[in-house]
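One-based numbering along the sequence shown. Side chains are part of it too, since the values below use all heavy atoms of this structure and drop only hydrogens, waters and symmetry mates. If you're wondering where the values come from, they're calculated on a predicted model, not measured in any experiment.
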Amino acid sequence: TLGEMGGQSKGTWVQKMTRTWLDWVTAGVRSQAAISEPSSLSSPSSIASIQLAIEEHLPTDLKWMTVTLGSLIGFALAWAAWQAIFFREEGKDGKDGVEGMSEIQLMFNIVKSVVGEGMLSLPAGIAGGTGLLAGSLMTVFFAGLMGYTFSLMGRICHVTGERSHKDCCAKVADPWLAQSMAVVLFVKTIFTCLAFAIVISESFARILRFCGVQGIMATSQAALLLMTFFVLIPLCMQKQLRILSYTSMIGCLGQVWVVFTMQIRYMDGSYVPGGQFYSTLRTQDQPNFTSGVIYWKTTVASFVLLGSLSTAFIAHYNAPKFYSQLQDASPEKFRKVVIGAFSFAMVIYLWIMAVGYLTFGTAAEGLILNNYSEKDMLMTTARFAISFAVVFAFPLGFTGLRDSMMSTFELGQEHFRYVTFGLLGVIIFGACSFHDLGLANSLGGAVLGAMITMIFPALLLFYAGQRQSDSSDSSDSSEFGRLESTWAAAAVALAGVVLLVFGSIIVIMKKFFPEALHLPQ
């Protein structure tokens, strides 16, 4: 068992923690080199080298890594609670009489917008053929890139004095480009809200059946209508993101609870051979570490993980509104909050990737909670928690949808109530009629996601930089340097085009040619 393997290892956990990455790389290179030379496989020394490399990479070796990631999340939550309790800021009236958010409130709203149910698929991305540490580096890269473009939108709002993608673009570029941005945001947020609504309907229908409800009241349509009337409508009617920050906080705690329960089960060995729940698992869900724990390997299946990560940090449709409702907003203050929020999201992703993969190995499913036994009550609470986390994410996505529609059709605030009820009706009807958005949602996410997170911010950066260079007003002329507004903008735009093409290809291959990515058909 894992406990026995841990007991056989020598030294304290501190000594294990200080084991250098150089040792891991050396072992990985040694084993990969031996495997890549078939002629040497018959050599006893080569076989022993491969076995040694595998034996050195046990699921228990990285306990310190999962504990460290969990501790970082714990410290972050404790710091946020300290700030919220002892340094509470009173809301100040901003534009349109809306109270501004404190930095902590904005951070929770951003985290909840970024981190969703999609985090449950990340362990499968590692299990599909990507080394855990290689996948971790990919996650860090995308967190930094997406965090930069998100904060960039705040800086552009500061320079232009506007509060939406369309208005920012209209201020510095052509009206047709501004209208195109509004339409793209509108279409993307429709898919986002539909996907949220479908997840809510299915998950709460299962919860109702678990609680003994039967008949028509246990259907997904009934569950969605109940949640709409009693939860979604009151939340979606809020103009102030400050109020939604409290539900965002609850949603974030729910997601942390999910990973924390996974950490407990990884540490107590309940799912190792001989563990409490091992015998209750289906054969395909039982932990599989026949090749040991892989650290640095990359294969063609790694493209699936890259595709997932490229859309894992999307919340940019709300970036202008987040900036406009931040108390005493400034680019520096907004940047600080964004760094904190995206770092929190990144650590959550790293944590669930590590603990999910180290518990089940290559058996990790696309929805990692499906690996856990239905008789495990602790993990049942995790399923409840992720369902409520999705519910509290819906109003933030809906805010982006409503704002993009009002911007696209140039509707004033007097239409706020009518637009809210109209859009909610369309989304609920769509979710009750369809249970899977299929290829359109995945392909739209890849194409429109790349445009919103990379291409649009890069275009706005370029045009805003050009406008500042031509402006005689020197008050904000130093916000964008010439190097950033030209070369950096070009690099981000190019990366966005690459992600757009690459993501679309991955979506199509997953749908029609899964065998090429080593995925089950």
Checking the side chain of [X] only, and the main-chain atoms of [Y] only, is there a donor and an acceptor separated by less than 3.5 Å?
X	Y	answer
Y357	I294	yes
T130	G135	no
H316	M146	yes
Q263	G70	no
S343	G340	no
R335	S151	no

For the residue pair F398 and F394, does the interplanar ring angle fall in the parallel (under 30°), tilted (30 to 60°) or perpendicular (over 60°) class?
-> parallel
What class does the angle between the rings of Y372 and F360 fall in, given that below 30° is parallel, 30 to 60° is tilted and above 60° is perpendicular?
-> perpendicular
Applying side chain to side chain contact (heavy atoms under 4.5 Å, CB included), name anything that partners [X], two or more places apart in sequence or on another chain.
X	value
A222	T219
C252	F108, V111, K112
A495	M454
T247	L235, L244, F392

For the student: nearest non-hydrogen atoms of [X] and [Y], plus distance:
X	Y	value
D285	N370	OD2-O, 3.7 Å
G254	A385	O-CB, 3.6 Å
F342	A143	CD2-O, 3.9 Å
A319	M153	CB-CB, 3.7 Å
V447	S504	CG2-OG, 3.2 Å
I314	G449	CD1-CA, 3.6 Å

I110/F150 under side-chain contact (heavy atoms from CB on, under 4.5 Å): CA gap, chis, key distance, verdict | CA-CA 10 Å; I110 295 176; F150 192 95; 3.8 Å; yes
[atom1] of [X] to [atom2] of [Y]: how many Å apart, nearest 0.5 Å?
X	Y	atom1	atom2	answer
Q105	L241	CD	CG	10.0 Å
L499	I506	CG	CD1	11.0 Å
L369	E117	CG	CD	8.5 Å
I452	Y317	CD1	OH	8.5 Å
L120	N371	CG	CG	11.0 Å
L122	I352	CG	CD1	7.0 Å

Answer yes or no: is there a side-chain heavy-atom contact under 4.5 Å between [X] and [Y]?
X	Y	result
M353	L69	no
V492	Y148	yes
L106	F334	yes
M217	L208	no
L401	T192	no
L77	L253	yes
M227	V391	yes
F344	V114	no

Under the side-chain contact (heavy atoms from CB on, under 4.5 Å) rule, what do R206 and S387 come out as? Steps first, then yes or no, please.
-> CA-CA 10 Å; R206 289 195 296 268; S387 298; 5.7 Å; no
Tell me, please, which residues at least two apart from [X] pass ring-ring contact (aromatic ring centres under 6.0 Å, His included).
X	answer
Y278	none
F141	none
F313	Y349

Going through the checks in order, is the side chain to side chain donor-acceptor pair (under 3.5 Å) test met by S245 and N109?
-> CA-CA 5 Å; S245 68; N109 274 336; 4.9 Å; no
Between F322 and M101, does a side-chain contact (heavy atoms from CB on, under 4.5 Å) hold up when you go through it step by step?
-> CA-CA 9 Å; F322 284 151; M101 292 180 287; 4.2 Å; yes
With K375 via salt bridge (charged side-chain N to carboxylate O under 4.0 Å, His left out) - residues at least two apart | none
Please list all pairs meeting salt bridge (charged side-chain N to carboxylate O under 4.0 Å, His left out) that have one or both residues in [range], counting only residues at least two apart or in different chains.
range	answer
residues 129-143	none
residues 365-374	R282-E365
residues 251-266	R265-D268, R265-D376

Should we count CD of Q214 as having more than 12 external heavy atoms under 6.0 Å?
-> no
Does atom CZ of F502 have more than 12 heavy-atom neighbours from other groups under 6.0 Å away?
-> yes
Could you walk me through whether F196 and L396 pass the side-chain contact (heavy atoms from CB on, under 4.5 Å) test, one step at a time?
-> CA-CA 11 Å; F196 276 142; L396 293 171; over 6 Å; no
What pairs of residues pass the side-chain hydrogen bond (donor to acceptor under 3.5 Å, both in side chains) test when at least one of them lies in residues 220-230, not counting sequence neighbours?
-> none
Would you check if the distance from the ring center of F204 to the ring center of F388 is below 6.0 Å?
-> yes
